[in-house]
Amino acid sequence: DFVTECDQEENEEEDLPVILRCENSFVSVRESTLVAQSKYFKARLSSKWSKKSGRALVEEDDDDFSRMRTINISSSNPTAVKFLFEHIEGYPQMMKQCQDFDVLAEMLLLCDYYMMAEPVEVILDKMKNTPVTADNLVTVFETGKKLEINERLKHVADVLIRRSLTYAGANLASWQSVL
């Protein structure tokens, strides 16, 4: 089957970096890491994909630079792309320090889209342990509403909305306390 053929190809090719581009941000990730973490990238980086699409993703040249693959990730937050893919490449510092619910939610959406299971628990744990405050209250609520449209992330959205409403009810006696 297609997935088994992709596994065989993975062992046959060199482990070259793949450049992920999101707007003006670039992240280099080893092909083996992408393939191990994501069913999408496993298929996307196989030679079957390039043959079926009719596009050569790898140039026939011995120069490693010319053989690097570049994949454009559009309609995403560049910070979320950078933090997520650096995390799976073994550099988790930026994700660990992130307290921006919007960036964390975007990473969850990227995991869902690219079929990446491993980072999800780390991101959910980070969301759980990042407190709701007066400064991020609106962002937490809006993030919940943003995730609500994705059926697989609806439970996360419900928790975020509930946390923001609980904080608002317990800490904001009136509209004056927001100002």
What distance separates [X] [atom1] from [Y] [atom2], expressed to the nearest 0.5 Å?
X: Leu108; Y: Met116; atom1: CG; atom2: CE; value: 11.0 Å
X: Leu104; Y: Leu160; atom1: CG; atom2: CG; value: 9.5 Å
X: Lys126; Y: Phe83; atom1: NZ; atom2: CZ; value: 10.5 Å
X: Asp15; Y: Glu31; atom1: CG; atom2: CD; value: 6.5 Å
X: Ser32; Y: Lys42; atom1: OG; atom2: NZ; value: 12.5 Å

Main chain of [Y], side chain of [X]: is a donor-acceptor contact present, judged purely on distance under 3.5 Å?
X: Asn136; Y: Thr133; value: yes
X: Asn77; Y: Val103; value: no
X: Asp158; Y: Gly144; value: no
X: Arg69; Y: Leu45; value: yes
X: Asn129; Y: Asp125; value: yes
X: Ser38; Y: Tyr114; value: yes

Which side-chain N or O atoms in residues 90-97 pair as donor and acceptor under 3.5 Å with protein atoms at least two apart or in another chain?
none

Evaluate the side-chain proximity of [Y] to [X]: yes if any heavy-atom separation is below 4.5 Å, no if none is.
X: Val29; Y: Pro17; result: no
X: Ile123; Y: Leu84; result: yes
X: Leu110; Y: Ile73; result: yes
X: Leu20; Y: Leu34; result: yes

Could I get the full list of salt bridge (Lys or Arg N to Asp or Glu O under 4.0 Å) partners for [X], not counting sequence neighbours?
X: Lys146; result: Asp102, Glu106
X: Arg162; result: none
X: Arg21; result: none

(request) Check step by step if salt bridge (Lys or Arg N to Asp or Glu O under 4.0 Å) holds for Lys145 and Glu142. (result) CA-CA 5 Å; Lys145 294 307 253 180; Glu142 289 175 344; over 6 Å; no

(request) Check the angle between the aromatic planes of Tyr113 and Tyr40 and answer parallel, tilted or perpendicular using the 30° and 60° thresholds. (result) tilted

(message) Show, in sequence, the C-alpha distance, side-chain angles and deciding distance for His87 and Glu118, and conclude whether the side chain to side chain contact (heavy atoms under 4.5 Å, CB included) test is met.
(response) CA-CA 10 Å; His87 171 81; Glu118 184 273 327; 3.6 Å; yes

(message) So, using ring pair (Phe, Tyr, Trp, His ring centres under 6.0 Å) as the criterion, who are the partners of Tyr167 when residues are at least two apart?
(response) none

Non-hydrogen atoms of [X] and [Y] that approach each other most closely:
X: Ser76; Y: Glu23; value: O-OE2, 4.1 Å
X: Thr130; Y: Cys98; value: OG1-O, 4.4 Å
X: Ser164; Y: Leu137; value: O-CD1, 3.1 Å
X: Phe41; Y: Ile71; value: CE2-CD1, 3.8 Å
X: Ser25; Y: Pro78; value: CB-CB, 3.9 Å

(message) Checking Val18 against Arg30 for the side chain to side chain contact (heavy atoms under 4.5 Å, CB included) test, could you report, in this order, the C-alpha distance in whole Å, the side-chain angles of both residues, the deciding distance, and whether it holds?
(response) CA-CA 6 Å; Val18 176; Arg30 288 171 300 170; over 6 Å; no

(message) Please tell me whether Val138 and Leu147 are part of a single hydrophobic cluster in this structure, the criterion being side-chain heavy atoms less than 4.5 Å apart.
(response) no

(message) Membership question, hydrophobic clusters at under 4.5 Å side-chain separation (ILVMFWY): are Leu124 and Val159 in the same one?
(response) no

(request) Would you please test Arg163 and Phe101 for side chain to side chain contact (heavy atoms under 4.5 Å, CB included) and show each step? (result) CA-CA 12 Å; Arg163 283 181 66 197; Phe101 280 91; 4.1 Å; yes

(request) Kindly give the cluster partners of Phe141, where membership spreads through any ILVMFWY side chain lying under 4.5 Å from a current member. (result) Ile161, Leu165

(request) Tell me, with the steps shown, if Asn150 and Leu109 meet side chain to side chain contact (heavy atoms under 4.5 Å, CB included). (result) CA-CA 8 Å; Asn150 184 313; Leu109 291 168; 3.8 Å; yes

(request) Examine the side chains of Thr33 and Glu89 and answer whether a donor and an acceptor come within less than 3.5 Å of each other. (result) yes

